[in-house]
Amino acid sequence: MKKVLIANRGEIALRILRTARELGVKTVVVHSEADAESLPVLLADEAICIGPPSPAESYLNIPNILSAAIVSGADAIHPGYGFLAENAAFAEMVADHGIAFIGPTPENMKLLGDKATARKIAREAGVPVVPGTDELASVEEAKEAAQEIGYPVILKASAGGGGRGMRVVHTEEELERAVLQAQEEARAAFGNPAVYIEKYIEEPKHVEVQVIGDGKKVLHLFERDCSIQRRHQKLLEEAPSLLPDEVRKGLLQSAVRLAEHVGYVSAGTLEFLVDREGNYYFIEMNTRIQVEHPVTEMITGLDLIRMQFLVAGGEPLKLRQKDVEQRGHAIEVRINAEDPEKNFRPAIGQIETLHWPGGPGVRVDSHLYAGYKVPPYYDSLLGKLIVWDEDRPRAIQRMRRALFETVLEGPGLRTTIPFHKKVLDNAFFRRGAVYTNFVARRMGGD
Ligand code: ADP
């Protein structure tokens with residue numbers, strides 16, 4: 001591999017660029033008109049504008065991205081996360097042009113990309129899933145299933161993602177309307193109206209397993225706890241989880257079994273919910289690098305993007321499971337341009353004053369610089385602050401220290417930093433009493 005085209009923006013484009021440069025691979029960063037002054041564009045060997053600000057016309061514009069790859073002579077494309085990362089048709093087209101797609105195979109994506117299909121595959125592989133249904137054919141079927149499963153239930157879109165398209169239903173009276181609304185929402189948001197039902201698990205932990213495969217074998221790189229969420233979207237992640245050893249072992253083995261079942265290639269994440277009794281249930285697989293991958297890198301010392309590059313270049317994984325070791329504890333906080341006081345409403349502006357923390361065990365993944373104007377067209381992630389230390393209490397102290405040093409100010413700008421400071425001071429968080437309803441129950445949010 002000599003030249004990679006990075007089909008993404010923001011912090012993840014920068015993250016990929018950093019590893020590519022260390023590998024001696026040249027970088028082409030494609031960008032929208034709104035991102036012409038962004039850091040990955042400024043640092044790239046080559047930059048190509050692929051369209052106007054709206055994602056549909058730029059970061060999702062397959063003809064323009066492929067043309068950019070051909071014109072620049074790129075022999076690989078890394079899609080990052082979001083945008084085209086989990087689009088099997090795109091991965092197929094990339095391969096058809098003789099370009100390596102740095103990610104899973106189109107077949108992997110087809111089998112696991114649709115949540116209802118992924119549930120079937122998990123059952124086939126003997127991995128527990130949340131009690132529930134396949135895609136619903138009718139409201140009648142929904143009623144019967146919900147009765148059998150027991151309320152509350154959660155309606156989910158098969159094509160869903162990003163915490164959207166989910167609806168909790170407490171009684172049969174609410175069900176019919178909820179199904180029709182959920183189908184309509186799913187059609188509007190994802191172009192696919194299919195929905196299914198799962199039992200609603202009360203106060204679970206969200207624990208996910210990082211895996212990497214080369215088509216022959218799959219390794220797990222341990223797990224992350226991502227229970228601190230607002231509106232089903234992650235805000236703070238840590239590794240390892242605080243699960244008892246036997247539960248953790250079962251979870252890691254299940255993840256590997258499922259990924260091996262489909263001959264998984266590249267980095268991927270299997271998400272599970274774990275209930276109060278320690279039962280774990282697979283909910284979905286993300287067939288891409290994830291925002292929270294750095295916490296895994298911090299406890300294992302591995303570079304996941306580098307591993308993705310090597311696997312995509314056809315190198316089998318040299319590492320064996322027993323060589324993968326974990327050390328200490330890592331925490332990541334997502335710094336979003338959102339106002340936590342106003343229900344996490346986007347609060348974007350220009351970055352006037354910027355100071356990132358440093359010192360031992362501190363990592364910053366961010367595309368910001370002083371004077372940078374955050375464009376309003378994309379997600380609100382400004383960067384990620386990640387810390388590592390010997391154990392969880394020390395990692396918490398280190399994160400508090402790092403956040404104390406961080407200054408991120410500008411007109412109109414609000415960030416999630418004050419929220420994270422409160423979480424770190426919260427007695428329940430410190431005890432490890434973290435569940436997906438933590439923000440609602442302990443922080444007065446939703
Ligand atoms: P998305 O793909 O939109 O992120 P997920 O299926 O990964 O959706 O679920 C996101 C979050 O929604 C979970 O981390 C959890 O907080 C909540 N959730 C999903 N399914 C259930 C369930 N069956 N019971 C309780 N909470 C759930």
Side-chain angles (χ1 to χ4, degrees), residues 81-82 85-87 109 112-123 127-136 142 145-146 148-170 178 182 185-186 188-190 192 194-210 223-238 241 243 251 255 258 268-277 279-292 334 344 379 381 434-443 445-446:
Y81 52 66
E86 294 176 271
N87 184 320
M109 290 188 213
L112 298 163
D114 178 276
K115 291 176 162 192
T117 315
R119 281 169 57 83
K120 279 189 211 159
I121 310 261
R123 286 200 300 263
V127 171
V129 297
V130 185
T133 66
D134 292 332
E135 284 178 7
L136 293 171
E148 202 182 307
I149 296 164
Y151 288 90
V153 296
I154 182 166
L155 282 167
K156 298 171 87 169
S158 299
R164 293 182 307 159
M166 279 180 286
R167 208 168 262 268
V168 182
V169 183
H170 295 272
E185 268 174 31
F190 313 110
N192 173 0
V195 298
Y196 62 99
I197 290 183
E198 275 181 5
K199 170 135 195 81
Y200 183 71
I201 315 271
E202 309 266 6
E203 279 212 325
K205 284 180 187 290
H206 173 118
V207 184
E208 58 186 33
V209 181
Q210 176 71 56
E223 81 289 0
R224 303 180 279 259
D225 184 305
C226 314
S227 301
I228 305 290
Q229 310 177 340
R230 57 105 178 62
R231 297 194 288 273
H232 305 308
Q233 287 173 300
K234 300 159 190 167
L235 283 168
L236 178 152
E237 303 94 351
E238 54 184 317
S241 69
L243 293 178
L251 193 77
L258 176 46
T269 300
L270 297 103
E271 298 191 330
F272 294 85
L273 295 179
V274 185
D275 72 15
R276 285 296 186 104
E277 284 78 50
N279 302 304
Y280 61 87
Y281 308 96
F282 169 76
I283 49 171
E284 67 158 344
M285 179 159 185
N286 292 313
T287 55
R288 55 171 156 84
I289 192 77
Q290 278 188 293
V291 175
E292 59 272 27
R334 297 191 189 197
F344 296 95
D379 73 15
L381 185 65
V434 287
Y435 306 97
T436 58
N437 64 349
F438 180 87
V439 173
R441 179 148 178 217
R442 307 289 178 207
M443 312 270 302
D446 71 354

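Note that ligands are numbered from 1 as they come in the structure, with each ligand's atoms numbered from 1 the same way.
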(request) Mind running side chain to side chain contact (heavy atoms under 4.5 Å, CB included) on Val291 and Arg334 for me, showing each step along the way? (result) CA-CA 9 Å; Val291 175; Arg334 297 191 189 197; 3.6 Å; yes
(message) Between Phe190 and Arg164, is the side chain to side chain contact (heavy atoms under 4.5 Å, CB included) condition met? List the steps.
(response) CA-CA 10 Å; Phe190 313 110; Arg164 293 182 307 159; 3.6 Å; yes
For [X], atoms of ligand 1 separated by under 4.0 Å from a heavy atom:
{"X": "Lys115", "value": "1 (P), 2 (O), 3 (O), 5 (P), 6 (O), 8 (O)"}
{"X": "Thr436", "value": "16 (O)"}
{"X": "Glu284", "value": "1 (P), 2 (O), 4 (O), 5 (P), 7 (O), 8 (O)"}
{"X": "His206", "value": "13 (C), 14 (O)"}
{"X": "Arg164", "value": "3 (O)"}

(message) Counting only heavy atoms not in Gln233 (residues, nucleotides, ligands), do more than 12 fall under 6.0 Å from its CD?
(response) yes
(message) If we check side chain to side chain contact (heavy atoms under 4.5 Å, CB included) with Glu208, which of these qualifies: Glu284, Glu271, Glu237?
(response) Glu271
(request) Specify side chain, backbone, both or neither for Glu202, according to which of its non-hydrogen atoms lie closer than 4.0 Å to ligand 1. (result) neither
(message) Rounded at 0.5 Å granularity, tell me how far NE2 in His206 sits from CG in Leu273.
(response) 7.5 Å
[X] N/O under 3.5 Å from ligand 1 N/O:
{"X": "Ile201", "answer": "yes"}
{"X": "Ile154", "answer": "no"}
{"X": "Tyr200", "answer": "no"}

(message) Tell me the closest heavy-atom pair linking Lys115 and Gly160, and the distance in Å.
(response) CE-O, 3.7 Å
(message) Can you give me the closest heavy-atom contact between Glu135 and Ala116, atom names plus distance?
(response) CG-CB, 3.7 Å
(message) With the threshold set at under 4.0 angstrom, would you say Lys156 reaches ligand 1 through any of its heavy atoms?
(response) yes
(request) Report yes if some heavy atom in the side chain of Val130 is under 4.5 Å from a heavy atom in the side chain of Ile201; otherwise report no. (result) yes
Students should be able to answer this: which protein heavy-atom is nearest to [atom], and at what distance?
{"atom": "atom 10 (C) of ligand 1", "answer": "Met166 CE, 3.8 Å"}
{"atom": "atom 3 (O) of ligand 1", "answer": "Gly163 N, 2.6 Å"}
{"atom": "atom 12 (O) of ligand 1", "answer": "His232 ND1, 3.2 Å"}
{"atom": "atom 16 (O) of ligand 1", "answer": "Gln229 OE1, 2.7 Å"}

(message) Counting only heavy atoms, tell me which of Leu273, Val130, Ile283, Asp275 gets closest to atom 22 (C) of ligand 1.
(response) Leu273
(message) Distance to the ring centre below 6.0 angstrom and angle to the axis at most 45 degrees; does that hold for Arg276 and Tyr435?
(response) yes
(message) Looking only at the side chains, is there a donor atom on one of Thr269 and Arg288 sitting less than 3.5 Å from an acceptor on the other?
(response) no
